[in-house]
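Single-structure report; data block below.
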Amino acid sequence: MGIAALVLAAGRPLPPGLLVRVDVPPPLFRNADAKTEADSARRVLTSYCVAELEDWNRVPHIAFRDRTGTAKLRDGTRVDWTIRPGGIAFLEHPGGRVTYLLDCRLIRSGSGGQAEPW
């Protein structure tokens with residue numbers, strides 16, 4: 001079952017086991033470790049909560065510090081991912097659909113999944 005067939009609830013993390021592989025571009029620097037970067041990206045992407053675009057846009061981030069790569073889903077679909085400092089990320093699916101993700105700590109409990117205002 002691909003992500004397109006799943007109901008992703010705002011305020012909840014991605015379903016366990018959805019991302020079967022996370023890849024990062026080759027390191028820019030010799031001392032960088034691609035496996036460590038991929039493991040770090042997997043932790044972020046699987047721990048952040050699904051968010052509505054309006055809530056995602058409320059969270060500021062640091063420009064020019066994005067981390068990007070690709071991920072393979074259970075059904076073999078490949079998605080592009082971007083993680084931005086400040087607790088936001090997104091998955092871009094084939095066809096252009098986007099799943100927005102927020103650090104779950106930024107979401108108020110009892111707010112219906114809305115981002116905490118800054």
Which pair of heavy atoms, one from Tyr48 and one from Ala89, lies closest together, and at what distance?
CD2-CB, 4.1 Å

Assess, by modelled atom type and distance only, whether the side chains of Arg67 and Ser40 contain a donor and an acceptor separated by less than 3.5 Å.
yes

Would you kindly say whether His93 and Thr77 are connected by a side-chain donor-acceptor distance under 3.5 Å?
no

Rounded to the nearest 0.5 Å, what separation is found between the [atom1] atom of [X] and the [atom2] atom of [Y]?
X: Leu53; Y: Phe90; atom1: CG; atom2: CZ; result: 11.0 Å
X: Asn57; Y: Tyr100; atom1: CG; atom2: OH; result: 7.5 Å
X: Thr82; Y: Glu92; atom1: OG1; atom2: CD; result: 7.5 Å
X: Ser47; Y: Arg105; atom1: OG; atom2: CZ; result: 8.0 Å
X: Asp103; Y: Ile83; atom1: CG; atom2: CD1; result: 11.0 Å
X: Leu101; Y: Trp56; atom1: CG; atom2: CH2; result: 9.5 Å

Answer with yes or no whether the hydrophobic clustering places Leu102 together with Val98; edges join I, L, V, M, F, W, Y residues whose side-chain heavy atoms lie under 4.5 Å apart.
yes

Could you tell me which residues satisfy side-chain contact (heavy atoms from CB on, under 4.5 Å) with Arg42, sequence neighbours excluded, listed by chain and number?
Leu19, Val22, Thr46

Sorted by chain and residue number, the side-chain contact (heavy atoms from CB on, under 4.5 Å) partners of Asp39 (sequence neighbours excluded) come out as Lys35, Arg43

For Val50 and Leu14, what are the C-alpha separation, side-chain angles and deciding distance, and is it a side chain to side chain contact (heavy atoms under 4.5 Å, CB included)?
CA-CA 7 Å; Val50 176; Leu14 294 174; 4.0 Å; yes

Can you tell me if Arg78 has over 12 outside heavy atoms packed within less than 6.0 Å of its CZ?
yes

Close side-chain approach of Pro85 and Arg65, heavy atoms under 4.5 Å
yes

Determine yes or no for a side-chain-to-main-chain donor-acceptor pair under 3.5 angstrom, with Trp81 supplying the side chain and Leu91 the backbone.
no

Derivation and outcome, side chain to side chain contact (heavy atoms under 4.5 Å, CB included), residues Leu73 and Val20:
CA-CA 6 Å; Leu73 306 181; Val20 294; 6.0 Å; no

